[in-house]
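Scroll down for the structure; my scribbles are underneath it.
Along the sequence shown, residues carry numbers from 1.
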Amino acid sequence: MAKVATAKGKPAYACSECGWTSARWIGRCGECQAWGTVAEVGQAKAARITAGPVTSPAMPIAKVSAIEAESRPTGLGELDRVLGGGVVPGAVILLAGEPGVGKSTLLLEVAAQSARSGQRTLYVSGEESAAQVRLRAGRTDALVDELYLAAETDLGAVVGQVDAVEPAFLVIDSVQTMAHPEVDGAPGGVTQVREVTGALVRLAKERHIAVVLVGHVTKEGAIAGPRMLEHLVDVVLAFDGDRHSGFRMVRATKNRFGPSDEVGCFDMVDTGIVEVTDPTGLFVSEHAEPVAGTCVTVMMEGRRPLLAEVQALVGPSAAPQPRRTTSGLESQRVAMVLAVLGNRAGLKLHDQEVYVATVGGVKITEPVADLSVAIAVASSVMDRPIHPGLVAIGEVGLAGEVRRVGGLEKRLAEAARLGFTKAIIPADIPNRSKDLKPMDIQAKYGLRTFAAPDLPSALLAAGLA
């Protein structure tokens with residue numbers, strides 16, 4: 001916390017989150033809008049720094065050994081994909097997610113896999129008793145000799161457990177339940193979380209222990225605690241999924257040792273959590289016969305292409321304001337696509353109720369789904385199914401044009417791998433790319449592509465005009 005003073009030398013107030021200062025106390029920071037973070041601070045004193053002993057002499061970077069920083073596989077290939085190959089000794093990983101999403105189940109499986117590989121592992125639970133964790137471990141087949149279990153909420157006791165067990169892998173569930181004995185405040189508070197995390201980071205670096213911290217999230221989905229928490233750790237993982245579905249995803253939002261745009265897929269089952277190496281089939285329904293109002297697109301989750309099916313249902317409405325309902329898609333983008341369909345493609349939807357949803361509870365946030373939404377809605381309006389082997393990839397602009405999207409070749413390769421034979425793509429992709437031509441796509445992937453410059457031509461290619 002920065003210490004500042006007013007012009008008259010009187011104590012001022014500063015925010016512990018962002019450092020914003022004020023001449024008087026207020027309950028909410030005027031800069032970061034955080035509540036309860038403004039506290040009184042004294043006048044800053046100039047401090048003189050003298051040279052002290054160094055831990056190790058500086059040397060040319062090429063002569064520094066990188067053996068100690070080599071990653072170790074966790075035993076879960078999907079998690080290793082996100083981490084960039086595995087866990088690096090001395091790294092501190094923060095795993096955050098909503099209550100009940102399966103954070104503890106996932107980390108108990110990771111701890112068991114680590115113990116099976118010969119690494120002594122310590123799992124510290126601050127939310128459950130040791131007996132409760134033991135019951136879950138028995139159900140998920142996580143009873144391993146090298147896996148040690150402790151129930152502690154005092155940071156000093158945790159350090160004592162580390163001294164006694166000497167683990168190579170440490171799991172803290174969760175950081176909001178831990179309390180630093182020399183810091184005021186209740187566990188989970190801003191000051192406590194910051195100091196506890198800082199102490200665990202120092203412990204990990206000094207002893208080369210890989211540490212995983214479980215973090216809570218707020219109702220807005222952000223990680224609870226100070227923003228500094230994400231800066232202190234090496235890796236930040238977000239674990240999310242639909243409560244009504246067993247499908248879960250791990251996303252890396254920060255990774256000092258690997259890519260920060262990878263995604264790992266898991267499935268929650270009665271016996272714990274299992275990897276899903278090919279999740280595409282979860283988001284595409286199988287129809288005995290072609291059905292009107294459906295269209296498949298290819299989205300990108302990190303570097304992984306996934307096929308997702310968009311379904312639409314359009315019907316007359318007696319209400320003066322017809323209902324527009326979406327699930328798994330951004331409602332504003334769907335409303336924009338409906339407006340473009342009405343003004344650029346001639347579809348009259350002003351007196352129609354429109355329902356648009358994805359299959360399997362998947363959420364599509366990128367604009368690549370625009371074209372599939374438009375084709376699904378048009379198919380439902382005309383009650384005419386499209387070709388079952390067709391995928392639509394492209395963003396729809398307000399002028400009715402079909403815009404290019406990134407990673408087109410990966411998307412087409414995934415569609416071809418799953419047996420699709422036709423694809424509607426933006427017209428400017430083949431014209432601007434030297435490596436991606438329609439004939440090359442058909443020869444390489446067996447996909448017949450239709451380059452659509454605008455929405456009417458895309459509907460024509462789909463057989464809806």
So Asp234 and Ile93, side-chain contact (heavy atoms from CB on, under 4.5 Å) or not? Walk me through it. CA-CA 6 Å; Asp234 301 305; Ile93 302 170; over 6 Å; no

Pair Asp173-Ser125, side-chain hydrogen bond (donor to acceptor under 3.5 Å, both in side chains): steps then yes or no: CA-CA 5 Å; Asp173 186 9; Ser125 175; 5.0 Å; no

Take Arg324 and Val334 through the test side-chain contact (heavy atoms from CB on, under 4.5 Å) and record every step on the way to the result. CA-CA 9 Å; Arg324 302 285 191 265; Val334 173; over 6 Å; no

Can you list the steps and then say if Leu307 with Phe420 is a side-chain contact (heavy atoms from CB on, under 4.5 Å)? CA-CA 11 Å; Leu307 268 70; Phe420 287 82; 3.1 Å; yes

Given Thr121 and Tyr148, is the side-chain contact (heavy atoms from CB on, under 4.5 Å) satisfied, shown in steps? CA-CA 6 Å; Thr121 304; Tyr148 288 74; over 6 Å; no

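Evaluation of the ring pair (Phe, Tyr, Trp, His ring centres under 6.0 Å) test over residues 282-313, restricted to residues two or more places apart or in two chains, returns Phe247-Phe283. Applying the salt bridge (Lys or Arg N to Asp or Glu O under 4.0 Å) rule to pairs touching residues 107-129 yields Arg120-Glu146, Glu128-Arg136, sequence neighbours excluded. A salt bridge (Lys or Arg N to Asp or Glu O under 4.0 Å) check over residues 345-369, counting only residues at least two apart or in different chains, returns the pairs Glu366-Arg411.
For Met228, the CE atom is loosely surrounded, since the number of other residues' heavy atoms within 6.0 Å does not exceed 12. Environment of CZ in Arg417: crowded, with over 12 heavy atoms of neighbouring residues, nucleotides or ligands closer than 6.0 Å. Counted within 6.0 Å of CZ on Arg134, heavy atoms from surrounding residues, nucleotides or ligands total 12 or fewer; the atom is thus considered open.
The nearest pair of heavy atoms linking Pro259 to Arg303 is CB-NH2, 3.3 Å. Of all the heavy atoms in Val263 and Arg81, the pair that sits closest is O-CD, 3.2 Å. In this structure, Pro187 and Ala179 approach most closely via the heavy-atom pair CG-CB, 3.8 Å. Closest non-hydrogen pair, Val402 versus Gly394, comes out as CG1-CA, 4.2 Å. For Leu155 against Ala199, the heavy-atom pair with the smallest separation is CD2-CB, 3.6 Å. Here the closest heavy-atom approach between residue Thr37 and residue Ala34 is recorded as OG1-O, 3.7 Å.
In this structure, OG on Ser372 lies 10.5 Å from CG on Leu390, to the nearest 0.5 angstrom. Here the straight-line distance linking atom CD1 of Ile425 with atom CG of Leu371 works out to 11.0 Å at 0.5 Å rounding. Remark: Leu203 CG to Ile209 CD1 distance equals 5.0 Å, nearest 0.5 Å. The structure places CZ of Phe239 at 11.5 Å from CD of Glu98, a figure rounded to the nearest 0.5 Å. If you take CG on Leu464 and OG on Ser379, they are separated by 5.5 Å, rounding to the nearest 0.5 Å. Here the CG-OG1 distance, from Leu329 to Thr365, works out to 10.0 Å after rounding to the nearest 0.5 Å.
Looking at Asp80, its side chain does come within 3.5 Å of a backbone N or O of Thr74 through a donor-acceptor pair. With hydrogens and angles ignored, the 3.5 Å screen pairs no side-chain donor or acceptor of Arg251 with any backbone N or O of Asp261. Counting only distance, with no hydrogens or angles, the side chain of Thr326 and the backbone of Glu330 share no donor-acceptor pair below 3.5 Å. In this structure a side-chain-to-backbone donor-acceptor pair under 3.5 Å is missing from Ser380 to Val377. Proximity of a side-chain donor or acceptor of Gln113 to a complementary backbone N or O of Val110 within less than 3.5 Å is not detected. Judged by distance alone, with hydrogens and angles left aside, the side-chain atoms of Glu401 form no donor-acceptor pair with the main-chain N or O of Asp454 at under 3.5 Å. Formation of a donor-acceptor pair under 3.5 Å by the Lys254 side chain with backbone atoms of Glu230 is found in this model. Using modelled atom types, one side-chain atom of Arg384 and one backbone atom of Gly463 make a donor-acceptor pair closer than 3.5 Å. A donor-acceptor distance shorter than 3.5 angstrom exists from the side chain of Ser117 to the backbone of Ser114, with no hydrogens or angles considered. A distance-only check finds no donor-acceptor pair linking the side chain of Arg72 to the backbone of Gln119 [under 3.5 Å].
Contact of the Leu107 side chain with the Leu95 side chain is registered, since non-hydrogen atoms from C-beta on lie closer than 4.5 Å. A 4.5 Å side-chain heavy-atom check between Pro279 and Leu306 finds at least one atom pair inside the cut-off. When side chains are defined from C-beta on, Val124 counts as touching Leu170, because their heavy atoms get closer than 4.5 Å. Counting heavy atoms from C-beta on, the side chains of Gln352 and Ser317 never come closer than 4.5 Å. The shortest distance between side-chain heavy atoms of Asp270 and Arg139 does not fall below 4.5 Å. The closest side-chain heavy-atom distance from Thr294 to Val359 is not below 4.5 Å. At least one side-chain heavy atom of Arg207 sits less than 4.5 Å from a side-chain heavy atom of Val162. Side-chain contact between Phe266 and Leu79: present, with at least one pair of heavy atoms (C-beta onward) separated by less than 4.5 Å.
With 3.5 Å as the limit, one finds no donor-acceptor pair spanning the side chains of Asn255 and Ser260.
When each of Val250, Val82, Val276 is tested with Cys265 by the rule side-chain contact (heavy atoms from CB on, under 4.5 Å), just one qualifies, namely Val276.
Remark: Arg404 does not engage Glu395 in a salt bridge, criterion side-chain N to carboxylate O under 4.0 Å. Between Asp370 and Arg333, at least one side-chain nitrogen of the basic residue sits less than 4.0 Å from a carboxylate oxygen of the acidic one, meeting the salt-bridge criterion. At a threshold of 4.0 Å, the pair Glu78-Arg304 counts as salt-bridged, since one of the basic side-chain nitrogens sits closer than that to a carboxylate oxygen.
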